[in-house]
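No hydrogens, no waters, no symmetry mates; every other heavy atom, side chains included, goes into these values.
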Amino acid sequence: MDVSVLVKAVHSDFYAGVPDSNLRALGDYLINVYGTDSRHHIIAANEGNAAAAAAGYHLATGKVPAVYMQNSGEGNVINPLASLLNEEVYAIPCIFIIGWRGEPGVHDEPQHIYQGRITCRLLEDMGVPYFILSSDTSCDELNKALSQFKVLLEKGKSAAILVRKGALSYEMPLKYQNGNVLKREDVIRHIAAASGSDPVISTTGKASRELYEIREALGQGHEKDFLTIGSMGHASSIALGAALFKPQKTIWCIDGDGALLMHMGALPVIAHHRPKNLIHIVIHNGAHETVGGQPTAMSGLDLFKIAKSCGYPYSVCVSEFESLDRELAEAKRRRDLVFIEIKCALGARSDLGRPADAAVENKRKFMEFIR
């Protein structure tokens, strides 16, 4: 189905959400039509943030907003859905458009399997009726479902459209880029070299996939690396916990700007506890690249200044390899909490693979190594 048909059926002039690969067509359409600095479209920090912004839109206009997300974001949206939007609280209606990763019977990555299995159950538990949109869904079927939802929305209830893989298309896909030079895979290769035999905790998405392939190419094992394949935005907090309880080891965290944005409250918490053995690195390309390259609200911001304001004793920004290598070496010698922002271009190899090890096996090997 062309995404314009879905947008017409939803009939909302306000969208807020977090990009998802299953919803790439919707994200490209919204950016192409509305951009990102508009009263019609907000790319939010996380799904709860999107739902709250949608609530504000409804309070100001009386209209029904639309919130889009990957189904992994259901966890982030449960609180505002239950304690803000719910008809027994403020009765704020909302149409959720949810990309269904890990749908039972459809091959997907391990972090999506359980979430995909409970996606419908979570909506049912939250009292949110849903319609499943497939590649063969007709316009009449979609419009009929939205007509049924309209009655519920008028009563202050919410409803959802679950979007299966490949269900949406868009004839004008966008190509995202920035003016940075460094390639992320090369950056991670330099980090892997500088970290040596130290433990590395890497964030969700292509960064972890690239780290895995770099180790493979070098003939190294993967026991030093904890690849945070799910739970976007929490790699730095995982690294905090590991650093506090393994003070004799230097812990490296490879983070991303989209992940950092999703749970930015981790920054002052990490700074408050100030583990002197944690090196927090943020690869900043201003985009949600793993799910399509849509821009983040971090684009144009100096993240190292934010970290400094949050209490990091040392923070720096680099954009070329000479200064990167110098800062990595200094960070290892410094023996204090360090924040390194690396300005990076968008882009990854088309043949980039995925970790072959099961997630639980990655955990087992990492725990044996770090002990």
Gap between atom CG of N46 and atom CE of M264 - 0.5 Å precision: 10.5 Å
Closest non-hydrogen atom pair, G265 against P268: O-CD, 3.2 Å
Test log, rule side-chain hydrogen bond (donor to acceptor under 3.5 Å, both in side chains), inputs E341 and H284: CA-CA 7 Å; E341 174 187 4; H284 185 187; 2.8 Å; yes
Closest non-hydrogen atom pair between R335 and P247, with its separation: NH2-O, 3.3 Å
Result of checking E223, Q220, E210 against R215 for side-chain hydrogen bond (donor to acceptor under 3.5 Å, both in side chains): Q220
Closest approach of K332 to D198 (non-hydrogen atoms, all atoms of both residues): CE-OD2, 3.1 Å
Atom NZ of K165: over 12 foreign heavy atoms under 6.0 Å: no
D13 with R39: basic N within carboxylate O range, under 4.0 Å: no
H288 side chain near I43 side chain, heavy-atom distance below 4.5 Å: yes
Carboxylate-amine/guanidinium proximity below 4.0 Å for R117 and E103: no
D186 and its salt bridge (charged side-chain N to carboxylate O under 4.0 Å, His left out) partner, picked from R189, R184, K183: R189
Identified side chain to side chain contact (heavy atoms under 4.5 Å, CB included) counterpart of I281 within the set V318, T203, I188, L328: L328
Hydrophobic cluster identity match, Y314 and W252, side-chain contacts under 4.5 Å: yes
N277 and T250: CA distance, side-chain angles, deciding distance, side-chain hydrogen bond (donor to acceptor under 3.5 Å, both in side chains) verdict: CA-CA 5 Å; N277 57 327; T250 298; over 6 Å; no
Cationic tip of K157 above F149 ring, under 6.0 Å, 45° of axis: no
Joint hydrophobic cluster, L26 plus F14, side-chain heavy atoms closer than 4.5 Å: no
Spacing of S195 atom OG and K224 atom NZ [to the nearest 0.5 Å]: 7.5 Å
Salt bridge (charged side-chain N to carboxylate O under 4.0 Å, His left out) evaluation trace for R24 with D28: CA-CA 6 Å; R24 171 71 189 270; D28 284 353; 2.9 Å; yes
Over all atoms of both residues, closest heavy-atom pair of L211 and A192: CD1-CB, 4.4 Å
Same cluster (ILVMFWY, side-chain, under 4.5 Å), I342 and L301: no
From D225 atom CG to N362 atom CG, the distance as rounded to the nearest 0.5 Å: 7.5 Å
Working for side chain to side chain contact (heavy atoms under 4.5 Å, CB included), residues V282 and F304: CA-CA 9 Å; V282 177; F304 77 104; over 6 Å; no
Hydrophobic cluster identity match, I214 and F366, side-chain contacts under 4.5 Å: no
H273, NE2: over 12 other non-hydrogen atoms inside 6.0 angstrom: yes
Side-chain heavy atoms of L278 within contact of V338, under 4.5 Å: no
Side-chain heavy-atom pair Q70, E47 within 4.5 angstrom cut-off: no
When the side chains of residues 78-100 are checked against the rest of the protein, which donor-acceptor pairs come out under 3.5 Å, sequence neighbours left out?
residue, atom, partner, partner atom, Å
S83, OG, N79, O, 2.7
N86, OD1, E88, N, 2.8
W100, NE1, G116, O, 3.1

Student check: side-chain heavy atoms of L30 and Y68 closer than 4.5 Å: yes
Cluster overlap V5 with L23, hydrophobic side-chain contacts below 4.5 Å: yes
Close side-chain approach of M1 and L142, heavy atoms under 4.5 Å: yes
N-O pairing of R349 and D351 below 4.0 Å: yes
Working for side chain to side chain contact (heavy atoms under 4.5 Å, CB included), residues Q294 and I31: CA-CA 8 Å; Q294 301 86 345; I31 291 174; 4.0 Å; yes
Heavy-atom pair with the smallest gap, counting every atom of V10 and L146: CA-CD1, 4.2 Å
Stepwise side chain to side chain contact (heavy atoms under 4.5 Å, CB included) test for F321 and H190: CA-CA 8 Å; F321 284 121; H190 282 243; 3.5 Å; yes
Min side-chain heavy-atom separation V64-K150 under 4.5 Å: no
CD1-CG distance between I270 and L244, expressed to the nearest 0.5 angstrom: 9.5 Å
Between CG on residue D325 and CD1 on residue I191, distance to nearest 0.5 Å: 10.0 Å
Which atom of I42 lies closest to which atom of A53, heavy atoms considered: CD1-CB, 4.3 Å
Flag, side chain of E109 to backbone of Q111, donor-acceptor distance under 3.5 Å: no
Check: Y34 ring centre within less than 6.0 Å of H40 ring centre: yes
Audit row: E124, Y130, side-chain hydrogen bond (donor to acceptor under 3.5 Å, both in side chains) steps and yes/no: CA-CA 8 Å; E124 291 163 1; Y130 56 88; 2.9 Å; yes
Min side-chain heavy-atom separation S299-N178 under 4.5 Å: no
In a table with atom names and distances, give each donor-acceptor pair under 3.5 Å that connects a side chain of residues 226-242 to protein atoms at least two apart or in another chain.
residue, atom, partner, partner atom, Å
T228, OG1, S202, O, 2.9
H234, NE2, H263, NE2, 3.4

Under-4.0 Å salt bridge between D140 and K144: no
Residues T137, R164; criterion side-chain hydrogen bond (donor to acceptor under 3.5 Å, both in side chains); working and verdict: CA-CA 10 Å; T137 298; R164 283 178 163 146; over 6 Å; no
Minimum side-chain heavy-atom gap L133-L162 below 4.5 Å: no
Y15/H41 under ring-ring contact (aromatic ring centres under 6.0 Å, His included): CA gap, chis, key distance, verdict: CA-CA 5 Å; Y15 285 78; H41 180 214; 7.4 Å; no
Whether Y312 and H280 hold their rings parallel, tilted or perpendicular, with breakpoints at 30° and 60°: tilted
Pairs flagged by salt bridge (charged side-chain N to carboxylate O under 4.0 Å, His left out) wherever residues 358-371 is involved - sequence neighbours left out: D357-K365, E361-R364, R364-E368
L337 CG to R274 CZ distance, which is reported to the nearest 0.5 Å: 7.5 Å
